[in-house]
Engineer: 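Just passing along the structure, written as structure tokens.
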Amino acid sequence: MPAHDLELKKTVNLPRTDFPMKANLPQTEPKLLSRWNEEKLYEQIRRSCAGRPRYVLHDGPPYANGRIHLGTAFNKILKDFIVKSKTMAGFDSPYVPGWDCHGLPIEIKVDAELGGKKAEMSPVQVRLACRKYAETFVHLQSEDFQRLGVFGQWDDPYLTMSGAYQAQIAEAFVEFLDKGYVYKGLKPVHWCMRCRTALAEAEVEYEPHASPSVWVRFPLVSDAARIDGALAGRRVHALIWTTTPWTIPANMAIAFHPRYEYVAADVSGDVYVVAKDLLKETAEKCGWAEAKALAQFSGGKLEGALFRHPFLERDSGGILADHVTLEQGTGAVHTAPGHGQEDYSVGQQYGIPTYCPVDADGTFFHAEGAAGRLPEDLIGKSVWDANPVVTGLLRERGALLAEKRIDHSYPHCWRCRRPTIFRATEQWFIGMERHNLRQRALEEIKRIKWIPAWGEERLSNMIATRPDWCISRQRTWGVPITVFYCQGCGEPLTDRKVLDGVVKQIAAHTADVWYEKTAAELVGAGAACARCGGTSFRKETDILDVWFDSGASHLAVLNQRYGLDWPSDLYLEAGDQYRGWFHSSLLVGVGLRRASPYRECATHGWVLNREGQAMSKSLGNTIEPEEITQKYGAEVLRLWAASMEFSEDVRISETILARLTEAYRKLRNTFRYALGNLPDFDPAVDQIPAGEQLEFDQWVLVRTEQLIERCRKQYEEFEFHKVYQALYNFATTDLSAIYFDVIKDRLYTAAPRSRARRSAQTSLYRLTHALVRLMAPLAPFTTEEAWGHLRKLPGDPASVHLTLFPEPGFPAGGLAGRQRERLASWEKLMPVREQVLKALEVARQEKFIGAPLEARVRLSAGRELYPLLEEYLEELPALFIVSQVALDDHATAALAVHVERAEGSKCERCWKYSTSIGFDPDFPAVCQPCSGALREMLA
RNA sequence: CCGGGAAAAGCUCAGCGCGGUUUGAGCACUCGAUCGAUAAUCGAGAGGCCGCUGGUUCGACCCCAGCUUCCCGGACCA
């Protein structure tokens, strides 16, 4: 390169900036995070929002067990989008994160860690171990979430195991009790008779087991003709099959499927009602030589029929249930509500008592709740020993038609490995019909805004059909059900004053106080049993369902303590929470506050892998958030979350992340280009009023205004993927491909302080100022970095996260209406530009030109376009990035583009071809405009 | 099996509350340009039985029904 070229190059205003091209996110993000921490940025944001209208997103507590996964990361990032965008839209939007700390999964993990030691430990010691376990993961998860750039009150989150929260849970229970929602009832649960304990689903293991299966007949005692005329006067029986003969004493009903076809089969005089499709198999099992069908009818006919228990003095009614199947048995299902979950729920529907004559040891006793006294042979016998006794009784009465051992998988206790049983135990319930709770909840659902709309139907269906809420668990790690029982008569003590006193003690000492103190200490002086006047009590040992804990979060958190209001504006969780948190929170809200704790409820989808399948640890197809932050940076993970339509299931894969990394680079380079061309631009003095800018620079500002409008609206509607696409398309198309490319010549070659260059810089500055803020909720790290490199206007805070979104009128404010109208011309010129670029491409393919600046473009156009092109002829070379543009006088109908070699020679400074090279003797190698610029620079 | 949801270029998304020309964008891809945004930038091109099958209609990606696959919750297995 000749010496004078070097000299000329120095006079070109090339970009320079400290904003690096390479982000190095995994290294730079933690630095920014610690800076934000030191500066207490979240608190600054809170202070800056004082007095604004409030917008409360109430955080659903993740379970404090294990590290975060992509699902929880996705959830938190989405919440952060909402909180940050609401804040920047002018709301006071605090974010108080929380954790769900009680419950079985933790207790089981701790159990496993403690092993045999647990037996020697007191409940308080076990609870302490659970608390420590939960604390560990609260801290780990907190760090993980903060690493993602989620802003919030991390130094004071809500924990369901804190004393205050536990007291709130207990208080909520007491209120439910006081208002009359709570009752004590029986419900079958997995029960280990050796350990004398209820077992959760997670605590039973299925192992092979041999059971004595039996076919038993129940004679019909109601009018057979009502089932079918052909049965009048016949000896009709229902025929049931069961693998647990010992539950026959607890039989209370016989269930039929409402839509299946049944036949009444004559077997040597006795008539048996059996599902049509199971007749053949049943005949084989029972050894019937001949079974003649007398009648056929649908199961619905059997509802209300009465059958006599084979050896007890009571009748079992015919009922209808969808759970009856045709896979095994007879299609007539022995129903013992005290010993089976489905039997129980169908029993509830028919108002059949949950009768359970088996005690905690698994032995029979004379229980209340059903007619017919058990034979003394059974009393005191364990259920396993009772099997032969029952079959013996059945055989004696001629009720046993067949018996056959069956090997099947059967639930066993995970501790002692013994087979378990289903046994009705006393449980606490919240009655869905009490005070019309169900109906009121359904009404309330209609008032909530659901995003997406189908959420309403989904939760309504669940609430409409759910059974009463069983809120008790036979566990240690949780909030105790704070009820006492009279030692004398067993009556529960539910005196509100006493229970309120307990709540206070929990608030002061955590719920451990329930286990540390005696009943007498907790009750205090002066309490007496309402029934017998007794003054000595024992404590309830059950704890509350953890869904009750988290369902009460709105009571514990949306209050003064956290500076929040009840109800919240929004809940946002994955779709599994219709069964969980959305559900329990609504019931607690409607029950205790007569309204939903959320005005809006948004759902996001599940995170799936590349093939669209669920990720699970057992399949080993998971990607950890930490992996992504370490390899790509949290910003890329956030862009991933932003680019997805979150209401549907979303996918993640290496390919997707690679794309996003590239998109990230493009966005970053957009900022870099703008910042690189602004080092000598002081917005306080160098800005040109919009009305005095070049039209093309006005045009890009108006485009920016449209972008602002769109983005603000889409943030408001939580359509983050549309914000992302809008921002990204704007950066790639409007800016990189068009505006930046076109103004490059002016920025580089015009005199630094010329109006032409300052006009472009003004647009660059203003659009960057807007763009950085628009993108801040999605990309908090990079926008903060860019903001730091952008010169501030008076009033601009140090952090972009303390700013508001740009107003739609911000970029081109001061532009007169007439000027705005003129910009429509530029929209019309854009298609012309596209055609010119195509023509240049053809010329390039033909090797007629290389760089576009070697070209002169000759246009001819029809009547419509010609005047416009003529008007803007001066601007066209810049817009097309060619050296010259000529316009043919005889206008053709359609636009035609001809590419010619540019006239003159190449200016060594601006590289455009010109006939004015050497015009200025002082600068012989440059064109006339360049010499002018050079003179200006030297002056 | 029941309740809810989803299916469109390789990827991420528009579009279709009001059915009507060959369905769009960006990225990725291919080819080319540039070497003054340079581990950047610009241009052009090629990619789609709009999951399948029926129906309504003069006409369907769009409306209706059924099916297939996937996801969430529940039931069953127990």
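Any value given below was found using the heavy atoms of this structure, including those in side chains, with hydrogens, waters and symmetry copies removed. In what follows, chains carry the letters A, B, and so on, assigned in the order in which the sequence lines appear, proteins first and then strands, with residues in each chain numbered from 1.
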Engineer: In whole Å, measure the gap between the C1' atoms of B:rA14 and B:rA25 for me.
Structural biologist: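 Their C1' atoms lie roughly 7 Å apart.
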Engineer: Contact class for A:Tyr724 (heavy atom, under 4.0 Å): base, sugar-phosphate, or nothing?
Structural biologist: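 Nothing, no nucleic acid heavy atom in range.
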Engineer: Using the P atom as the point on both nucleotides, what is the distance between B:rA7 and B:rG51, in whole Å?
Structural biologist: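 Here B:rG51 and B:rA7 have their P atoms 8 Å from each other.
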Engineer: Using atom C1' of each nucleotide, how far apart are B:rU68 and B:rU30 to the nearest Å?
Structural biologist: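 One C1' to the other, the span is 35 Å.
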Engineer: From the options B:rC71, B:rA39, B:rC13, select the nucleotide whose nearest atom is closest to the side chain of A:Leu608.
Structural biologist: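 Within the option list, the nearest is B:rC71.
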Engineer: Would a line drawn from the ring center of A:Tyr410 to the ring center of A:His209 be shorter than 6.0 Å?
Structural biologist: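 Between A:His209 and A:Tyr410, which both carry aromatic rings, the centre distance is below 6.0 Å.
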Engineer: For atom C1', what is the distance between B:rG55 and B:rG17, given to the nearest Å?
Structural biologist: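 Straight-line distance between the two C1' atoms is 22 Å.
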Engineer: Are any of A:Ser736's side-chain N or O atoms less than 4.0 Å away from OP1 or OP2 of B:rC42?
Structural biologist: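 Yes, within the criterion.
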Engineer: Can the ring centres of A:Phe696 and A:Tyr739 be said to be less than 6.0 Å apart?
Structural biologist: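 Judged by ring-centre distance (under 6.0 Å), A:Phe696 and A:Tyr739 do meet the cut-off.
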Engineer: With no hydrogens and no angle check, is any side-chain donor or acceptor of A:Ser345 less than 3.5 Å from a backbone partner on A:Glu342?
Structural biologist: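 Confirmed, A:Ser345 side chain pairs with A:Glu342 backbone.
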Engineer: How do A:Gln613 and A:Leu14 order along RNA chain B: which one's closest nucleotide is nearer the 5' end?
Structural biologist: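 In this pair, the answer is A:Leu14.
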Engineer: When we call it a touch if two heavy atoms are under 4.0 Å apart, what does A:Thr465 touch: a base, just sugar-phosphate, or nothing?
Structural biologist: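 Since no nucleic acid heavy atom lies under 4.0 Å of A:Thr465, the category is nothing.
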Engineer: Searching all strands shown, indicate the nucleotide that pairs with B:rC11 (Watson-Crick or G-U wobble; both distances under 3.5 Å).
Structural biologist: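 Pairing partner, where one exists within any strand: B:rG26.
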Engineer: Heavy atoms under 4.0 Å, any strand shown: does A:Gln341 hit a base, just sugar-phosphate, or nothing?
Structural biologist: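 Contact class for A:Gln341: none.
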Engineer: So, are A:Arg901 and A:Glu854 salt-bridged, with charged N and O less than 4.0 Å apart?
Structural biologist: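 Result for this pair is yes, salt bridge flagged.
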Engineer: Does any part of the side chain of A:Gln341, heavy atoms only, come nearer than 4.5 Å to the side chain of A:Phe422, both counted from C-beta?
Structural biologist: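 Yes, at least one pair of side-chain atoms sits under 4.5 Å.
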Engineer: Between A:Trp246 and A:His339, is the ring centroid distance below 6.0 Å?
Structural biologist: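 A:Trp246 vs A:His339: aromatic centres under 6.0 Å.
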Engineer: Tell me what A:Lys744 touches on the nucleic acid: a base, only sugar-phosphate, or nothing, going by heavy atoms under 4.0 Å.
Structural biologist: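 Touches a base.
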Engineer: With C1' as the reference atom in both, quote the distance from B:rA9 to B:rA46 in angstrom, rounded to an integer.
Structural biologist: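 Here B:rA9 and B:rA46 have their C1' atoms 11 Å from each other.
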Engineer: Mind checking if A:Tyr728 touches a base, just sugar-phosphate, or nothing, with heavy atoms under 4.0 Å?
Structural biologist: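 The residue A:Tyr728 makes sugar-phosphate contact but no base contact.
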Engineer: All N/O contacts under 3.5 Å from nucleotides 33-35 of chain B to the protein, with atom names and distances to one decimal?
Structural biologist:
from, atom 1, to, atom 2, distance (Å)
B:rA33, OP1, A:Lys847, NZ, 3.3

Engineer: Do the side chain of A:Asn609 and the main chain of A:Gly612 share a donor and acceptor less than 3.5 angstrom apart?
Structural biologist: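 At least one qualifying donor-acceptor pair exists.
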Engineer: Using Watson-Crick or G-U wobble geometry with both distances below 3.5 Å, tell me the partner of B:rG36, or none.
Structural biologist: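 Across all strands, not a single nucleotide pairs with B:rG36.
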Engineer: Short of 4.0 Å, heavy atom to strand atom, which residues of residues 451-464 of chain A count as contacting RNA chain B?
Structural biologist: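 Per residue number, the list reads A:Trp454, A:Glu457, A:Arg458, A:Asn461, A:Met462.
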Engineer: For B:rU12, does the base pair up with any side-chain atom of A:Glu645 as donor and acceptor (N or O, under 3.5 Å, distance only)?
Structural biologist: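 Flag unset: no donor-acceptor pair detected.
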Engineer: Just name whichever nucleotide pairs with B:rC67, Watson-Crick or G-U, keeping both distances under 3.5 Å, else none.
Structural biologist: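 B:rC67 is paired, partner B:rG51.
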Engineer: A:Val12 or A:Ala737: which one's nearest nucleotide on RNA chain B is closer to the 5' end?
Structural biologist: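 Its nearest nucleotide lies further toward 5', so the answer is A:Val12.
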Engineer: Looking across every strand, which nucleic acid part, if any, lies under 4.0 Å from A:Thr655 by heavy atom: base, sugar-phosphate, or nothing?
Structural biologist: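 Answer is nothing: A:Thr655 stays at 4.0 Å or more from every strand.
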